[in-house]
Amino acid sequence: MSNDQLNDFLSKEYLAPSSIANLQQRYLENSLNVIQVQNFLSKDVANSISHFLHKDAQYENVYGLFGKKNHIVEQREWSNASERSKFFRYQMISGSSCMSPSALSYLKLRRTLKSLVFREYIEKITNKELASSSSLLVHRMRGGDYLKKHNDRSKGRKIAFILYLSQHWSTSLGGQLHVHGLEKNKLVLEPTYNSLVLFDVRKHEYHYVAPINLPHQSPSDVNPSRISINGWFL
């Protein structure tokens with residue numbers, strides 16, 4: 001994959017060397033090494049992938065407990081656990097209802113986010129030498145879902161990235177990312193549509209996602225969902 005292929009996905013304003021230098025400055029000047037880049041993908045790409053993730057993608061419920069290997073457990077075990085033991089509840093992508101043009105756009109974006117050229121792009125912003133992305137996940141959070149305090153300092157991870165793809169999301173719905181630093185500094189980030197968040201997982205003590213402030217939803221509900229693509233570089 002060549003550098004030119006980033007042109008197919010990223011907003012043109014973030015591809016120029018001067019723009020990348022500006023992003024690097026913003027990132028390095030933040031005491032937590034956190035940056036949120038607005039309108040990261042081109043408008044058409046963001047809209048196409050958001051359509052797939054909201055309309056055509058299929059999801060499965062995922063339940064997590066502290067102290068369990070990989071944290072994931074069956075719903076019954078999670079339901080019977082104490083509230084203090086519960087780590088998260090959300091959905092993860094499990095498939096697609098059809099192979100639509102938007103589904104193809106999503107698959108191409110996945111390939112790009114795991115590519116060498118994208119890693120090199122992130123290296124320029126963070127001024128760090130990185131290894132390949134360890135994983136790439138899609139999370140959907142709906143009414144009552146949450147992700148409690150934790151850190152990502154495992155498996156050799158250095159940089160985390162989150163791409164938010166929920167249109168019409170508002171502050172009142174919750175879902176903010178709270179990042180708390182080692183020196184008691186903190187930052188609250190809104191899951192703004194088509195924004196990319198980068199942060200150094202070694203520079204903060206913990207982070208969490210505020211609970212979603214909507215009634216618990218069934219699969220047929222049309223209420224907003226907080227959808228993000230999450231990954232790491234080593």
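On a predicted model such as this, the values are computed, not experimentally measured, just so you know.
- Taking the side chain as every heavy atom from C-beta outward, F161 and L136 approach each other to under 4.5 Å.
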For L198 and V34, run side-chain contact (heavy atoms from CB on, under 4.5 Å): C-alpha distance rounded to whole Å, both residues' side-chain angles, the deciding distance at 0.1 Å, then the answer.
CA-CA 6 Å; L198 290 174; V34 179; over 6 Å; no
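- Side-chain atoms of K114 never come within 3.5 Å of backbone atoms of L109 as a donor-acceptor pair (strictly under, hydrogens ignored).
- For the residue pair N39 / S11, no side-chain donor-acceptor distance below 3.5 Å is found, with atom types taken as modelled.
- Rounding to the nearest 0.5 Å gives a distance of 10.5 Å between CD of E13 and CG of N22.
- For the pair R89 and Y63, the NZ or CZ position fails the cation-pi test of under 6.0 Å to the six-membered ring centre and within 45 degrees of the ring normal.
- Donor-acceptor pairing under 3.5 Å is recorded for the side chains of Q91 and D145.
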Just do the side-chain contact (heavy atoms from CB on, under 4.5 Å) check on K186 and V179 with the steps written out, would you?
CA-CA 5 Å; K186 61 182 179 180; V179 182; over 6 Å; no
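- With 3.5 Å as the limit, one finds a donor-acceptor pair spanning the side chains of S228 and N230.
- Here the closest non-hydrogen pair linking L53 and Y59 is O-OH, 2.6 Å.
- The distance from atom OG1 of T126 to atom CD1 of I35, rounded to the nearest 0.5 Å, is 10.5 Å.
- A pairwise comparison of heavy atoms in I212 and R226 identifies CD1-CD, 3.9 Å as the closest pair.
- Residues I227 and Y164 have side chains not in contact (no heavy-atom distance under 4.5 Å, counting atoms from C-beta outward).
- The CG atom of D8 sits 7.5 Å away from atom OG1 of T112, with the distance rounded to the nearest 0.5 Å.
- Between I122 and F118, the closest side-chain pair of non-hydrogen atoms falls below 4.5 Å.
- Taking 4.5 Å as the limit, every side-chain heavy atom of W169 sits out of range of all side-chain heavy atoms of T192.
- Criterion: ILVMFWY side-chain heavy atoms under 4.5 Å apart, direct or through other members. Under it, L116 and Y121 are not part of a common hydrophobic cluster.
- The two residues P191 and G174 make their nearest non-hydrogen contact at CG-O, 4.4 Å.
- Atom CD1 of I162 sits about 9.0 Å away from atom CD of Q36, to the nearest 0.5 Å.
- The shortest non-hydrogen separation linking F233 to A131 is CD2-O, 3.5 Å.
- To the nearest 0.5 Å, atoms CG (N33) and CD1 (I159) are separated by 7.0 Å.
- By the 6.0 Å and 45° rule, K86 stacks over the aromatic ring of W78.
- In this structure, K68 pairs ionically with E77, as a charged nitrogen and a carboxylate oxygen lie closer than 4.0 Å.
- No hydrogens or angles considered: nothing links the side chains of S102 and S105 as a donor-acceptor pair under 3.5 Å.
- With salt bridges taken as basic N to acidic carboxylate O contacts below 4.0 Å, one links K128 and D200.
- In this structure, CG in D152 is found 5.5 Å from CZ in F199, a value given to the nearest 0.5 Å.
- A81 approaches L65 most closely through the heavy-atom pair CB-CD2, 3.6 Å.
- You'll find the ring centres of Y208 and Y146 outside the 6.0 Å limit.
- Between the S96 side chain and the A57 main chain, no donor and acceptor come within less than 3.5 Å of each other.
- Counting heavy atoms from C-beta outward, Q75 and N61 have side chains that stay 4.5 Å or more apart.
- Residues V188 and V197 fall into different hydrophobic clusters, defined by Ile, Leu, Val, Met, Phe, Trp and Tyr side chains chained together at heavy-atom separations under 4.5 Å.
- Remark: aromatic rings of H150 and Y206 are distant, center separation not under 6.0 Å.
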side-chain contact (heavy atoms from CB on, under 4.5 Å) assessment of K43 paired with N47
CA-CA 6 Å; K43 182 178 180 181; N47 290 343; 3.7 Å; yes
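- If you look at H54 and H51, their ring centroids are not closer than 6.0 Å.
- Hydrophobic clustering of Ile, Leu, Val, Met, Phe, Trp and Tyr side chains at less than 4.5 Å, counting indirect connections, keeps L182 apart from L187.
- A tilted orientation is assigned to the rings of H204 and H207, their planes being inclined by 30° to 60°.
- Under the 6.0 Å cut-off for aromatic ring centres, H168 and Y193 do not qualify, their centroids lying 6.0 Å or more apart.
- Between S100 and D56, the side chains place a donor N or O and an acceptor N or O closer than 3.5 Å (distance only, hydrogens not considered).
- Across every non-hydrogen atom of Y90 and R140, the tightest pair is CB-O, 3.5 Å.
- In this structure, a donor-acceptor pair under 3.5 Å is absent between the side chains of S94 and Q58.
- Judged by distance alone, with hydrogens and angles left aside, the side-chain atoms of K12 form a donor-acceptor pair with the main-chain N or O of N7 at under 3.5 Å.
- The shortest distance between side-chain heavy atoms of F87 and V73 does not fall below 4.5 Å.
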side-chain contact (heavy atoms from CB on, under 4.5 Å) evaluation trace for Y106 with V138
CA-CA 11 Å; Y106 163 73; V138 176; 3.4 Å; yes
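- Side-chain atoms of Q176 and V209, non-hydrogen and from C-beta on, never get closer than 4.5 Å to each other.
- No side-chain heavy atom of I20 sits under 4.5 Å from any side-chain heavy atom of Q24.
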